[in-house]
Structures are given as C-alpha cells and as structure tokens.
J.: 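If you scroll down you'll find the structure; I have some questions about it.
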Amino acid sequence: MSGEVLRYAAFPAGEEGGNPAGVVLDARGMSGEEMLAVAAEVGFSETAFLIPAKSPVELMEGGSEATVRYFSPLAEVAFCGHATIATAVAHAERHGAGRLDLYTRGGLVPVHTRDEGGRLVATLTSVEPSVEPMSSDALAGALEALGWTADVLDEALPPYVGFAGNHHPVLAVRSRQVLASLDYDYAALAALMADHEWTTMQLVHRERADLFHARNPFPPGGVVEDPATGAAAAALGGYLRALGFVPHARRVTIRQGEDMGRPSLLVVDVPEQGGIKVTGAATRL
C-alpha cells in the first residue's frame, strides 16, 4: 500500500535488541514535508522512504532500483545504515532476496539480502569512506559536552572524523566502563554537532582488534542515542583502514545498544579498497 509505514528493528542481537526504523516501501508522490511529518509521528531515530524506479508489479518480477530518503523526527538525513538494512529486509520479504540498488543523497548504496538459516540478512556497501583528524577545538568541545577528560581516551586510537555517507567523530576510550556510564550534556553536544555537521558520535572501546563496543549520541536527529548505527559502523571501518588498524581477517564486530537495553550486533567487513560493508538482520516489530 502506498505510504504504509512498516516498523522493523535492525541489527538485533536478541529478541528485544536492534534499532527501530520506520520503512515506507512506496513513497511515490510524497513530499519532503509529508515524509518529515510521518517520521516525526513514528518517532524512531529514522524512517526510510523508498521511491521505486519501477511499478510494484515490475518489482515483483525482479526490479532492483529505488531512490531512498531518510528522515529523523527533526530533519532529513543524507544516509542511515540501520534504516537501509530494515528497508532491504522488508523489501526482500515481499519481493525476494537479492540485490537492491539504493540511490541516496550521498550516492549509490548497493544492498544484498540473503537467507541464513531461515532468517533474512542484509549487507550494505557504503560510499567511498574518508577520514580527517579532529581539530583540537572540536575535540575540546566534545569532551566538555560528554563530561570526559582527555585521560579517558585511548591514545592508540586518535580522534578523527570518519565519513561513509555522513560525518561521525570517532572517539575511543580506554575503559568499557566509561561508555557504560555515559551521561552527556544534550544541548551542548547538539550545538557542537550542528556547528560541525556531524550526524552521530561514534564513541567506542576496543576490546580486541576485531571487537568494538560502541555508543552513539544522536541529538541532531532529536534522539538521545542510537542503539545500532550502520552509517557510523561504516565510518569506523573507513577509519580503521585509513589508520592501518584493520585486523588480519578484515572483519570487525561492533556491539552496541547493550547499555540501553537494546543489544545490537553489527558486522563490518573492510575490503582493501572501496566501500565498507555492514551486515545485520532486521525483525518486524
């Protein structure tokens, strides 16, 4: 049905895990204002609006291209990883697994869905990632808003801003407990992120080379925190590659949402070049 809003949780690590996303599989004819209003009513961190390149009948016969727009409750977002995974799984449940090419504001994002033991799993490939060092002023502002001091940071993983569709500062801390006790100044961080056009903060602790714990404040979207952030996961993959921290297997697992009671699991594959691959499941709510 045109305009119907579906609700999925992407990247769940348990029955109550994952990040909820709204999905509209046929948003043809909807204006940006209407999409924003729907996203605000849904209230999830993002809702994805798919504009098929072909009619529903043609899609049933194997079509695989669509434009997608993402809206938080407050504004349009250039790219959203968890809503992409949710959209791909919702589409595959109705039209079959395979490749779905999504044209986002940031560029083409191919998504492949497949059946793994009776469960649909999706893998997105981000646009080409990039990184740049975080300025000292931006870092100082972030630390102040987070209520942290510089001594909590992991010196082996320097502060950078990663990009794989959106900009995400990557701040690594030495202790998992620092993440567990996160309690930040919402207004201050929102202002700082607006000034720098950051989407979420990728706050991480590296347990080992192939396992990270993450938390993602998201005040620009009107959300205190995301329990699973595919775009930030892709940005982290680009960061690890650019700085030479990719493990031998070229795969990293990110555990997120545990401190929110919504455990999430994101699998990040980092090829030697090109876009970063982020994999997860999605369940209908």
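Note that the structure is a prediction, hence the values are computed from the model and not measured.
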J.: About how many Å separate CG of Leu100 and OG1 of Thr113, when rounded to the nearest 0.5 Å?
T.: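 The CG atom of Leu100 is 7.5 Å from OG1 of Thr113, to the nearest 0.5 Å.
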J.: Out of curiosity, Leu102 CG to Thr67 OG1, how far, rounded to the nearest 0.5 Å?
T.: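 Those atoms lie 9.0 Å apart.
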J.: Distance only, no hydrogens: is a donor on one side chain within 3.5 Å (strictly under) of an acceptor on the other, for Thr200 and Asp226?
T.: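 No - no donor-acceptor pair under 3.5 Å links their side chains.
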J.: Roughly how far, to the nearest 0.5 Å, is the CG atom of Leu25 from the NE2 atom of His95?
T.: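 Going from the NE2 atom of His95 to the CG atom of Leu25 covers 6.0 Å.
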J.: May I ask you to check whether Tyr184 and Glu225 show a side-chain donor-acceptor distance below 3.5 Å?
T.: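 No pair is found: no donor N or O on one side chain lies under 3.5 Å from an acceptor on the other.
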J.: How long is the span from the CG atom in Leu179 to the CD atom in Glu258, to the nearest 0.5 Å?
T.: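 Separation between the atoms: 10.5 Å.
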J.: Quick check against the 3.5 Å criterion: does His82 have a side-chain atom that pairs as donor or acceptor with the backbone of Ala10?
T.: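 Answer holds: no.
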J.: Atom NE2 in His168, atom CZ in Phe163: separation rounded to 0.5 Å?
T.: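 Going from NE2 on His168 over to CZ on Phe163, the span is 8.5 Å.
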J.: So among Thr87, Thr104, Asn166, which one has a side-chain contact (heavy atoms from CB on, under 4.5 Å) with Tyr70?
T.: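 One option only clears the test, and that one is Thr104.
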J.: Any ion pair linking Glu41 and Arg7 (charged N to carboxylate O, less than 4.0 Å)?
T.: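 No, Arg7 and Glu41 are not salt-bridged.
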J.: Write down the atom of Leu36, the atom of Ser72, and the distance for their closest heavy-atom approach.
T.: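 Taking Leu36 first and Ser72 second, the nearest heavy atoms are CD1-O, 3.6 Å.
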J.: Flag the pair Asp26 and Arg94 as a salt bridge only when some basic side-chain nitrogen lies within less than 4.0 angstrom of an acidic carboxylate oxygen.
T.: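 Answer for the salt bridge query: no.
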J.: Considering only NZ, NE, NH1 and NH2 on the basic side and carboxylate oxygens on the acidic side, decide whether Arg251 and Asp269 come within less than 4.0 Å.
T.: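 Looking at Asp269 together with Arg251, the answer is yes, because their closest N to O distance falls below 4.0 Å.
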J.: What's the spacing between Trp148 CH2 and Leu153 CG if we round to 0.5 Å?
T.: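 Those atoms lie 7.0 Å apart.
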J.: Can you find a heavy atom in the side chain of Ile276 that is under 4.5 Å from one in the side chain of Val268?
T.: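 The answer is yes, as the side chains (C-beta and beyond) meet within the 4.5 Å cut-off.
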J.: Would you call Arg99 and Glu65 a salt bridge, taking side-chain N to carboxylate O under 4.0 Å as the test?
T.: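 Salt bridge between Arg99 and Glu65, a charged N being under 4.0 Å from a carboxylate O: no.
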J.: So Leu189 and Phe218, do their side chains get closer than 4.5 Å, heavy atoms only?
T.: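 With C-beta onward as the side chain, the pair stays apart.
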J.: Gly165 and Val127: which non-hydrogen atoms are nearest, and at how many Å?
T.: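 Heavy atoms only, the tightest pair is N-CG2, 3.6 Å.
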J.: Under 4.0 Å between a Lys/Arg side-chain N and an Asp/Glu carboxylate O for Glu207 and Arg176?
T.: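 Salt bridge: no.
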